[in-house]
Number of protein chains: 2
Amino acid sequence: MSELMNEEQARRYTITQLCREFDVTPRTLRFYEQKDLLHPAREGMNRIFSYRDRARLSLILRGKKVGFSLDDIKEMLDLYNLKDGQVTQLQVARSKGLAQLEHLKDQKLALDEAITDLERAIEIVEGMLTERGIDTEAEFAQAESA
Amino acid sequence: MSELMNEEQARRYTITQLCREFDVTPRTLRFYEQKDLLHPAREGMNRIFSYRDRARLSLILRGKKVGFSLDDIKEMLDLYNLKDGQVTQLQVARSKGLAQLEHLKDQKLALDEAITDLERAIEIVEGMLTERGIDTEAEFAQAESA
DNA sequence: ACGTGTGTTGACGTTGACGTAAGGGTCACT
DNA sequence: AGTGACCCTTACGTCAACGTCAACACACGT
């Protein structure tokens, strides 16, 4: 490979480069382009991702990690271009964030409830088993994935 | 015996009765029948759900609540009929329960991480907004500037 | 010239749990 | 006889976020 990395070339990424860096598949990046989340240029047939694309991808994945839908993410990302000092974008992001946060907290409540429910159910089942003279202690978790 | 039979016979449910009681739609019960989770009898064209069906539905919904898939639920429910003192059924239920419990706990860890991530992100956004002289103190939001 | 590796483009499949449409029957009241 | 409530059927649609092909293009090294 060439030793000189001028700035322009440093800010260009091929699809597999980005895939490796962010651990996603090419299909995913093409999907994001199709969804208008990324806008890679073309060189012949091949996609060329810019530094901006890379930054957007990073934001997309972070957004996904906290449970935003791709549509939500697109909405927030699109506001980058409005340039009213980015205030609108920030306000939208904040409001969406607060909503999502509430959503996550609701999920957490439901999840905690599910966990205690399930724990209690398992205890009942184990009680029924020991009643029948079957040992349920110190067994290895039978990792039976069907 | 005859009185008991009468009581048993009295426990017949139409589709909408069960729907109202468990807050599900008719489509759902038909779907469960199609998936072999419920086995209502017919009277003419109409489904007649027995007390057993009602009990199964209750179990189905409880299973769903703790995150079991319908396939898992079916597997466990089907073991009711094997009658080896129900030991097999209990053992399968226990093992599936433990697996699902681990799954839920994993989810909980991810969820907690997502929540703190999102909280931090919101703080950053709010910081950027107050920097721009915009008020972020919403009326019902509990988040105050630190 | 050849294979290998990397890229491209659709188009269809997957998963889970149903929803919806479209059409029609039966029954009790009024 | 009409109205409305309830019931049935089959079949296709939905959502999210991709996965999985198939078929084809291009460059590189040998």
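Quick note on labels: first sequence line is chain A, next is B, and so on, each numbered from 1. These numbers were taken from a predicted model, which means no experiment stands behind them.
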Using atom [atom1] of [X] as one end and atom [atom2] of [N] as the other, report the distance to the nearest whole Å.
X	N	atom1	atom2	result
B:Phe22	C:dC18	CZ	P	14 Å
B:Phe31	C:dG19	CZ	C1'	11 Å
B:Arg27	D:dC8	CZ	P	12 Å
B:Tyr32	C:dA17	OH	C1'	7 Å
A:Gln34	D:dA17	CD	P	13 Å
A:Ile60	D:dA17	CD1	P	11 Å
A:Leu29	D:dC18	CG	P	10 Å
B:Leu61	C:dA17	CG	P	12 Å

**OP:** Let me know which of B:Val24, B:Leu70, B:Thr25 forms a side-chain contact (heavy atoms from CB on, under 4.5 Å) with B:Phe31.
**Re:** B:Leu70
So, [X] and [Y], do they make that salt bridge, N to O below 4.0 Å?
X	Y	value
A:Arg42	A:Glu33	yes
B:Lys105	A:Glu119	yes
A:Asp117	A:Arg120	yes

Pairs: protein N or O with nucleotides 5-9 of chain C N or O, under 3.5 Å:
from, atom 1, to, atom 2, distance (Å)
C:dG7, OP1, A:Thr14, OG1, 2.9
C:dG7, OP1, A:Thr16, N, 3.4
C:dG7, OP1, A:Thr16, OG1, 2.2
C:dG7, OP2, A:Thr16, OG1, 3.0
C:dT8, OP1, A:Arg47, N, 2.9
C:dT8, OP1, A:Arg47, NH1, 3.1
C:dT8, OP2, A:Arg30, NE, 3.4
C:dT8, OP2, A:Arg30, NH2, 2.8
C:dT8, O5', A:Arg47, NH1, 3.2
C:dT9, OP1, A:Arg42, NH1, 2.7
C:dT9, OP1, A:Arg42, NH2, 3.3
C:dT9, OP1, A:Arg47, NH2, 3.4
C:dT9, OP2, A:Arg47, NH1, 2.5
C:dT9, OP2, A:Arg47, NH2, 2.2

Original post:
For C:dA17, does OP1 or OP2 lie under 4.0 Å from any side-chain N or O of B:Ser69?
Top reply: no
**OP:** Output yes when at least one side-chain N/O atom of B:Lys74 is less than 4.0 Å from OP1 or OP2 of C:dG16, else no.
**Re:** no
**OP:** Carefully, step by step, assess A:Glu75 and A:Lys35 under the rule salt bridge (charged side-chain N to carboxylate O under 4.0 Å, His left out).
**Re:** CA-CA 11 Å; A:Glu75 212 177 320; A:Lys35 279 248 167 182; over 6 Å; no
Original post:
Of B:Asp71 and B:Thr25, whose closest DNA chain C nucleotide lies nearer the 5' terminus?
Top reply: B:Asp71
**OP:** Estimate the overall bend of the helix from C:dA1-D:dT30 to C:dT30-D:dA1 from the end axes over five pairs each, rounded to 10 degrees.
**Re:** 20°
Subject >> B:Asp78 vs B:Lys74, salt bridge (charged side-chain N to carboxylate O under 4.0 Å, His left out): CA-CA, chis, key distance, verdict >> reply: CA-CA 6 Å; B:Asp78 285 349; B:Lys74 174 173 167 41; 2.6 Å; yes
